[in-house]
Amino acid sequence: MTNGGNHPPVELYGMASPNVRKITIMLAEIGQPYGFRRIDVFRGGQFEPDFQRLNPNRKVPVLVDYRADKNSPTVIFESAAILIYLAEQSGALLPTSEPARTAVFQWLMIQACNVGPLMGQFNHFAFVAREGNDYAFERYRREAERLYRLLDERLEHRPYLAGEEYSIADVASYPWALYLECHGFEWNAFPHLDAWRHRIAVRPAVEAGLQAVEQAEAADAVAFEAATAQDRDRFFGKI
Ligand SMILES: N[C@@H](CCC(=O)N[C@@H](CS)C(=O)NCC(=O)O)C(=O)O
């Protein structure tokens, strides 16, 4: 899925979603120019053979890095892996010494293994399949609340998730934390998480990273509306 050699140094395949926003924020944080290639997941773009060759898991984001070798780029999928890769390549937002480095990995894993998957399921049962699914809705609502509480407690005595320094753990967690109100919770019940999101929101790179997917967000909304029943069934894994 290359442009015949005529491409930016880095390409990001994505849509307007929290896992993709992590990467647009990180690319802005490190000042790395990139091209954005929108994958229309509502119409099956993630199942196209060219895309599957980039990510066998058929999800966005995927980063393709041509900087070292433009004929044989480095391809990375999984948003946490992309964040680690970009942090190591740039030397930013991931400490090299312990215990700070392991603290970043711990909170990055909490995001990647807990917050993302569980809140993804909560979004499904809250916004897509609410009716007739009270048990699933309530189970994931409680899990979401538990995780917001965990982050809030963690931030009570430190400004950022890993400690004193802003890191890729914060970059990964920020776009997901923004669901809090949509999930039916109030920021004032999570005051430390609230203070943290305000601390992060004012970073110019965060603003730029969110802005970078605004066009995709509009296109995603149109595509979702236009998706046929079959498109939706495929997207939700029913067929
Ligand atoms: N663990 C993966 C999750 C990726 C993921 O779920 N991506 C969503 C968008 S945020 C996606 O591709 N959805 C389309 C689909 O599931 O078919 C990551 O962090 O990169």
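In each ligand, atom 1 is the first atom listed, and ligand 1 is the first ligand listed.
Evaluated by nearest non-hydrogen atom to atom 11 (C) of ligand 1, the leading choice among K59, Q111, K22 is K59. Remark: among candidates V60, I23, L83, the nearest residue to atom 5 (C) of ligand 1 is V60, based on non-hydrogen atoms.
Taken from CG in L108 to NZ in K22, the straight-line distance is 7.5 Å, to the nearest 0.5 Å.
What sits closest to atom 3 (C) of ligand 1 on the protein, heavy atoms only, is N19 ND2, 3.6 Å. The nearest heavy-atom contact from the protein to atom 14 (C) of ligand 1 is F235 CE1, 3.7 Å. Among all protein heavy atoms, the one lying closest to atom 1 (N) of ligand 1 is E78 OE1, 2.7 Å. Protein heavy atom nearest atom 20 (O) of ligand 1, with residue, atom name and distance: S79 N, 2.9 Å.
Polar contact with ligand 1: absent for A80 (N/O pair, distance under 3.5 Å).
The ligand atoms of ligand 1 that sit less than 4.0 angstrom from a heavy atom of Q46 are 14 (C), 15 (C), 17 (O). Heavy-atom proximity to P61, at under 4.0 Å, picks out these atoms of ligand 1: 20 (O). In the vicinity of M15, heavy-atom distances shorter than 4.0 Å reach the ligand 1 atoms 9 (C). Within ligand 1, counting atoms from 1 as listed, the ones closer than 4.0 Å to a heavy atom of S17 are 9 (C), 10 (S).
Side chains of Y85 and D65 form a contact here, defined as non-hydrogen atoms less than 4.5 Å apart.
In this pair, F185 and H183 present their aromatic rings perpendicular. The plane angle is above 60°, beyond the 30 to 60° band.
Salt-bridge formation is detected for the pair R141/E145: a Lys NZ or Arg NE/NH1/NH2 atom is positioned less than 4.0 Å from an Asp or Glu carboxylate oxygen. In summary, E143 and R139 do not engage in a salt bridge, as defined by a charged side-chain N under 4.0 Å from a carboxylate O.
Cation-pi contact between R203 and Y166: present, with separation from the ring centre below 6.0 Å and deviation from the ring axis of at most 45°.
A donor-acceptor pair is defined here as one N or O able to donate and one able to accept, closer than 3.5 Å; such a pair exists between the side chain of R101 and the backbone of P95.
For the side-chain hydrogen bond (donor to acceptor under 3.5 Å, both in side chains) with D170, the lone residue among W196, W107, Y160 that qualifies is W196.
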